[in-house]
Undergrad: 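Take this structure first; my questions come after.
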2 protein chains.
Amino acid sequence: MSVAEQTRQNILNVAADEIHHHGFKATSLSVILNRCGISKGALYHHFTNKLELGYAVFEEVYQPMFLQAWQPALSTDDPIEGLCEFLTSITEKMACNESVCGCPLNNLCEEMANVDEGFRLRILAMQEQLNQLIVDAFERVRDDLRNNIKFSQAGYFIAATLNGANSLGKSSRNKVVFTQIIDELCCYIRALKK
Amino acid sequence: MSVAEQTRQNILNVAADEIHHHGFKATSLSVILNRCGISKGALYHHFTNKLELGYAVFEEVYQPMFLQAWQPALSTDDPIEGLCEFLTSITEKMACNESVCGCPLNNLCEEMANVDEGFRLRILAMQEQLNQLIVDAFERVRDDLRNNIKFSQAGYFIAATLNGANSLGKSSRNKVVFTQIIDELCCYIRALKK
DNA sequence: ATAATATCCGACCGCACGGTATGTTGCAAG
DNA sequence: CTTGCAACATACCGTGCGGTCGGATATTAT
């Protein structure tokens, strides 16, 4: 990897971290520059403006990260159990101070979806992609599931509840509430089986 | 109501609307002043700073609004059905352009809970209050419910899913996804009964 | 070796923001 | 009538922001 490309990747990673912690609008370019040890000229050589940097972070950092997290859980022989174990593992791996940051995708959705169309469409595509993953997984084992289930609707329901759990976790500042909601969600998911 | 008190209420209402539409940080005092037709001196006569204005909006506008919305649904003879009807009525009353604004409480939670302790504690208290309402309602009809239900956990689960539904609604910009999630949530709620 | 281009630097700009300080008006008590 | 304070108005300030631009340096092509 060329040194220029390293600079670019460094900017993307630092920006991703800053956006995750402070949101897009509250993220300061100056902070990114300081953390990267580069100048403003360097940043504006690689990205035309802050918005394009945000888009690049979404596409090149958040999106792959997101898919890599969900994909394995849904690709197992038993996606129902895979999903439950994945959700439970989130609560276990989540440190207390991390719980307040929430999911990058959901954060951006809350902050930017109704402000910037570029973000909105990217987020929407990502959510539909996730929903498709869930639907595909359910289709694969549909014989094991109750036959009155609307797969897509259930998929969105799961995603929504996870987002909401993150939200409630932010205000309570401990993961007990979060864990409870995930527990309840796993009950719901397992109840999809016959 | 004195003219001064009218001014104060006007500021609160306009500020509540602005915060609902643009979030707290992105809400500009200048815009509030213009919409109210008052000067900056007037605003700073009634509120010490922007943060205190935000707290006042939360306590005097959002909080009463929130309780007035939930209370009736949970006070009926059949809170399970009351809850479902209430949730469904949200989707019906919600215009398409309103769907992108989301719930003021959830918005503030996402934006401010991990930034400002004053907001966080107020939001937390509000959420616990809502949860208590749900728990109380469930306790009242506990004989009609399955006997392995953790009331508090179910309450948080319901609140979380509603928040998440709002979030997903923001990016899709139509209420179909929102409605689906609420439908699924109502199924879950009705399944709490024996 | 030299020209050309990519990469990066850092001073600067305009702007909108929250907040302050001082001035003005009007009502109400004495 | 006047004194005083609540209720505003207005001009101004410092700050941090995203973004621009001319120049310096490194890398590559010829």
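On a predicted model such as this, the values are computed, not experimentally measured, just so you know. Throughout, a chain's letter reflects where its sequence line sits, starting with A, and its residues are numbered from 1.
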Undergrad: Reckon A:His46 has a side-chain N or O less than 4.0 Å from the OP1 or OP2 of C:dA6?
TA: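 For C:dA6, OP1/OP2 do not have a side-chain N/O of A:His46 under 4.0 Å.
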Undergrad: In this structure, which one of B:Arg120, B:Gln127, B:Glu128, B:Arg122 forms a side-chain hydrogen bond (donor to acceptor under 3.5 Å, both in side chains) with A:Ser171?
TA: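 Only one of B:Arg120, B:Gln127, B:Glu128, B:Arg122 forms a side-chain hydrogen bond (donor to acceptor under 3.5 Å, both in side chains) with A:Ser171, namely B:Gln127.
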Undergrad: Using a heavy-atom cut-off of under 4.0 Å over every strand shown, decide if A:Leu43 touches base, sugar-phosphate, or nothing.
TA: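 Nothing, no nucleic acid heavy atom in range.
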Undergrad: Produce the list of close N/O pairs, under 3.5 Å, pairing protein atoms with atoms of nucleotides 15-21 of chain D; give distances to one decimal.
TA:
residue : atom : partner : partner atom : Å
D:dC17  : OP1  : A:Ser28 : OG           : 3.1
D:dG18  : OP1  : A:Thr27 : O            : 3.0
D:dG18  : OP1  : A:Lys50 : NZ           : 2.8
D:dG18  : OP2  : A:Leu29 : N            : 3.1
D:dG18  : N7   : A:Lys40 : NZ           : 3.3
D:dG19  : OP2  : A:Tyr44 : OH           : 2.8
D:dG19  : OP2  : A:Lys50 : N            : 2.8
D:dG19  : O5'  : A:Tyr44 : OH           : 3.3
D:dG19  : N7   : A:Lys40 : NZ           : 3.2
D:dG19  : O6   : A:Lys40 : NZ           : 3.1

Undergrad: Between B:Gln9 and B:Glu5, does a side-chain hydrogen bond (donor to acceptor under 3.5 Å, both in side chains) hold up when you go through it step by step?
TA: CA-CA 6 Å; B:Gln9 288 302 322; B:Glu5 186 60 24; 3.2 Å; yes
Undergrad: Same hydrophobic cluster for A:Val135 and A:Leu133, using side-chain heavy-atom links shorter than 4.5 Å among ILVMFWY?
TA: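 Yes, it is one cluster - the side chains of A:Val135 and A:Leu133 are joined through contacts under 4.5 Å.
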Undergrad: I'd like a table of atom pairs between the protein and nucleotides 22-24 of chain D - only N or O on both sides, under 3.5 Å - with the distance next to each one.
TA:
none

Undergrad: Consider only side-chain N and O atoms of A:Glu184 and B:Tyr188, and report whether a donor and an acceptor are under 3.5 Å apart.
TA: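 The answer is yes; a qualifying pair exists.
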Undergrad: Just verifying a value: how many Å separate A:Ile123 CD1 and B:Ser172 OG, rounded to the nearest 0.5 Å?
TA: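 Output value for this atom pair is 11.5 Å.
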Undergrad: Report the C-alpha separation of A:Asn107 and A:Glu111 in whole Å, then their side-chain angles, then the decisive distance to 0.1 Å, and conclude whether the side-chain hydrogen bond (donor to acceptor under 3.5 Å, both in side chains) test is met.
TA: CA-CA 6 Å; A:Asn107 289 354; A:Glu111 182 189 5; over 6 Å; no
Undergrad: Under 4.0 Å between a Lys/Arg side-chain N and an Asp/Glu carboxylate O for B:Lys194 and B:Asp143?
TA: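 Salt bridge absent between B:Lys194 and B:Asp143.
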Undergrad: Would you tell me if any nitrogen or oxygen in the side chain of A:Thr7 comes within less than 4.0 Å of OP1 or OP2 on C:dC8?
TA: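 So the side chain of A:Thr7 is within the cut-off, an N or O lying under 4.0 Å from OP1 or OP2 of C:dC8.
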Undergrad: It should be established whether B:His45 places a side-chain nitrogen or oxygen under 4.0 Å from OP1 or OP2 of nucleotide D:dA7.
TA: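 For D:dA7, OP1/OP2 do have a side-chain N/O of B:His45 under 4.0 Å.
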Undergrad: Should we say atom NZ of A:Lys150 is surrounded by more than 12 heavy atoms from elsewhere, each under 6.0 Å from it?
TA: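 Result for NZ/A:Lys150: open.
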Undergrad: If I take atom CD1 in residue B:Ile32 and atom C1' in nucleotide C:dC17, what distance separates them, rounded to the nearest angstrom?
TA: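 Checked: the CD1 to C1' distance equals 13 Å.
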Undergrad: Separation of B:Phe47 atom CZ from D:dA7 atom P, in whole Å?
TA: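 Answer to the nearest Å: 12 Å.
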Undergrad: How many Å lie between CG on B:Leu53 and P on C:dC17, as a whole number?
TA: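 After rounding, the reported distance stands at 15 Å.
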Undergrad: For A:Gln6 and D:dA26, what is the distance between atoms CD and C1' respectively, to the nearest whole Å?
TA: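 My rounded result for the distance is 15 Å.
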Undergrad: Give a yes or no on whether a salt bridge exists between A:Lys193 and A:Asp78, defined as a side-chain N under 4.0 angstrom from a carboxylate O.
TA: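 The answer is yes: the pair qualifies as a salt bridge.
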